[in-house]
Structures are given as C-alpha cells and as structure tokens.
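Atom set for the values below is all heavy atoms of this structure, side chains included, hydrogens, waters and symmetry mates excluded. Here the structure is a predicted model, which is why all the values come from computation and not from measurement. Throughout, protein chains are lettered first and strands after them, A, B, ... in sequence-line order, and every chain is numbered starting at 1.
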There are 2 protein chains.
Amino acid sequence: MLDAAVKVFSRRGFHAASMDEIAEDAGISKPMVYAYLGTKEELFVACLHREGTRMMQAIAGAAAPDLPADERLWRGLRAFFGFVGAHRDGWAVLYRQARGEQPFAGELATMRARLVEVVAGMLDHALRAEGREIAAIDLEVVAYALVGATESLADWLADHPDADPEKTATRMMNVAWLGAAQLLHGVTWRPPAD
Amino acid sequence: MLDAAVKVFSRRGFHAASMDEIAEDAGISKPMVYAYLGTKEELFVACLHREGTRMMQAIAGAAAPDLPADERLWRGLRAFFGFVGAHRDGWAVLYRQARGEQPFAGELATMRARLVEVVAGMLDHALRAEGREIAAIDLEVVAYALVGATESLADWLADHPDADPEKTATRMMNVAWLGAAQLLHGVTWRPPAD
DNA sequence: GCGTAACCCTACGCACGAGTAGGTATGCTC
DNA sequence: GAGCATACCTACTCGTGCGTAGGGTTACGC
C-alpha cells in the first residue's frame, strides 16, 4: 500500500496527488487508506520515513566504520546509487517532492544532516590520520558539497533508467575522492588577487 | 509584483501559495494580478523565467569565454553564489519548488542542462589544451556532479543568511577544481577488485 | 434462522481557493 | 456638467478533493 502511495506521490507531487488515485492504485478504497495510515500528511510522512530509513540502512550496512576512508566512501556511494537505481520512485519522493513542502522539509533536512555529518566525520578521521586539521565549518561545507554532488548524480541516474549505478558510483568517486584526497594532503586552492 | 509572487511561492510552494496572499503581499487586489499576469500557472512561469534569466545573465556576464578554465570557473562560481546570496527567495523557487511540480520541471531541466553543457564545454576545452580526451558522457556526468555540488552549497548558503557568498565560492573551488584538475592531468580513480 | 461483529464500500459534507462579474471612484474630453 | 474611459475593488460562482457517515456483505456463534 505504501508502494502505491510512493508511486503516486513521486509522479504527481504531494498536493497534486489525490487520495482517490492512491487508493485506486493500491486496489482498495479510500476509507481503507484512512483506516490504516491516517491523513494524507501522515501517509506522506510514512512514505518519507520508510524510504529514508531504507536508504540510510543500505548505506550504513555497506560502509563499515572500520574501513579506510576511501574504501568507506566507495562502498557507501555504491550502496547509495544502487538504492536509487532500485527505488527510483522512492528517491523522487525524498529528493524532489519533500524538499519544497514546508511541513516535510525539516524532516528531510534532519536526515540529510545526518548524512553530511557522517561524511564530515569520515573526512575528519582521514585528516587526523594525516596529522592535519581543518576548521569544522569548512569540513561541513565540503561534506555538503560532496553530498550535493552525489544527490545530483542520483537524480541523473533516476532520469536515465538504462544507466549503470555502479558505473555512476565510480564516476562520483573520480570527482569526489580525487578532490578530497588533495585537500587531505594539504593542497588548497586560493582565489586570485584581482 | 513579481517580487511578491516569488516571495510567497518560495515560502509556501506552488500549490499552497494562494493568489489572495500574493495579491495582498503585492498591495493590490486579486483581479489586478489576473489582469497583469494571467493565471497562477503563468504567474509561476513568469517568476521562473525572470529569476532564471537573471541568474544565467549574472553567471554569463562574469565568466567570459576567453579566460582560462580555472579563472572562468572561479568567476562563474563567485557570480552564482553572489546571486543566490542576494536572491535567496528566487533561488528557493527555482531549486526547491519548480523541481517537483510536473509542468515546470521540464522548463527548469532545460536551464540546468544549459549550465551543465557550459561546464562540460569548459572541461572539454581544458582537456584538449592538455592534449587529452574523455568520452562525452563522462564529461557530462562530471559536469553534472559539479553543478549538483554547487547547487547544494547554494542551498546551504540560502539557509545561512550570515554566510559569505565569496567564501562559499572559494570553498566550492577547493572541492571542484582540485578534483577536476586531477582528472585533467589524467589521474583517475579505479574501483578496488573485490 | 437470527443476532452480531468484522470488514469494506458508495456517496456525501464541507472547506478552500482559482478565476470572474459587476460595481465604484477618479480623471479626462467636449 | 454630461458622457466616457480607466483603474481598481468587493463579493460571488464553481470545481476539486480531503475526510467521513452510514449502509451493504460475509462469516460466525447460538
């Protein structure tokens, strides 16, 4: 039943999706949807939660914390793109729909913040291993950029059904890790004085 | 008047925004909004177009095509983050709202594709200058990732009113250019064989 | 056979908001 | 000052869709 909701929400968006359509798609009648899952808002939150936790679990399950940073990043990315490839509708709900709708944006932002924190922690760990340190805010921003780049590629993947998730993950590593590794080695870019 | 519309759309989203509220915020009555700008949908498209072209102009004006790639990237990024910092509402409409709403997503995707193409062109140009070449699709994906990372940081900026756009642009360069420069020099990352 | 309980449906009330009809004030022409 | 045009408003219609009331059907106990 949640599957039907996710499907409809992903295609129509929260407001444009009608409970009638969701009910019809699920093969039951509207009062049943209300009986089992409450109001439209609660239904959407339920979708959000399910897809969100599924995704986080997929990533956490793949990126064991005792691996070296590049290995963790690679596995996490692979799991993430794999998830998006297999749950395109769920991803669309999370990324495209929930973002703009006021009541849910916070919910999503929290989840995203957790992800950013994990990435930032990974970078920090790797940095300390190299005997370096960066201001926490810089780390957070870099992590933010990496997460954003990844989400963007995921979106690209969602729109290209025949693309290979694994290959996309490799491409992402090429952009992300090469840059991050430079940073870890103390190489930085400075603006030209103009 | 468009300012009022952008403001309301950015806070509420397309569906939740009421024409009454937009009219009130603009200091006029609803029939006037209809007289000047047509239906709600047309109004939204008008907002989208204005903010979109403003943004593209800001970027295009800063990143002259005869500069070296890193300089172009830097100036483009600076202009972009400057724009977002100055038009947070407009950015929210473009990035958070228009994306999920079916009738407008295409419009936006086109604009985004232009941006990706510009970035990809830039990378390609720099690559040829180094005597190298990469498959077009790889270039596009890398460009996509860079644009995504930038958008993500822009979003971060929009949520942190006291953050400095220029500094954010510098941070973005650190992530993007260091990685891209590696790629340009032929360094690539390969997945471990497991 | 009749009560009853679990289950699910059709069909509705009601609120909200897009778009409009018709009226009012202000200024301009002759 | 009468006629007219422009600019704007208040107050309405009407469609849409959320949430629910009340009724039908099946299965089981007695």
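In this structure A:E166 satisfies the salt bridge (Lys or Arg N to Asp or Glu O under 4.0 Å) test together with A:R78, sequence neighbours excluded.
For B:H160, the NE2 atom is densely surrounded, since the number of other residues' heavy atoms within 6.0 Å is greater than 12. Within a 6.0 Å radius of CZ in A:R12, no more than 12 heavy atoms belonging to other residues, nucleotides or ligands are found.
Ring centers of A:W91 and A:F81: at least 6.0 Å apart, outside the cut-off.
Here CG of B:L73 is found 12.0 Å from CZ of B:F80. Values are rounded to the nearest 0.5 Å.
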Under 4.0 Å protein heavy-atom contacts per nucleotide of nucleotides 9-24 of chain C, with B for base, S for backbone only and - for none: BB-------BBBB---
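Between chain B and DNA chain D, the heavy-atom contact criterion of under 4.0 Å yields a 5' to 3' nucleotide range of D:dC8 to D:dT10.
Note: B:F44 and B:F104 have tilted aromatic rings, judged against thresholds of 30 and 60 degrees for the angle between ring planes.
In the model, B:E101 has no side-chain atom that pairs as donor or acceptor with a side-chain atom of A:H15 under 3.5 Å.
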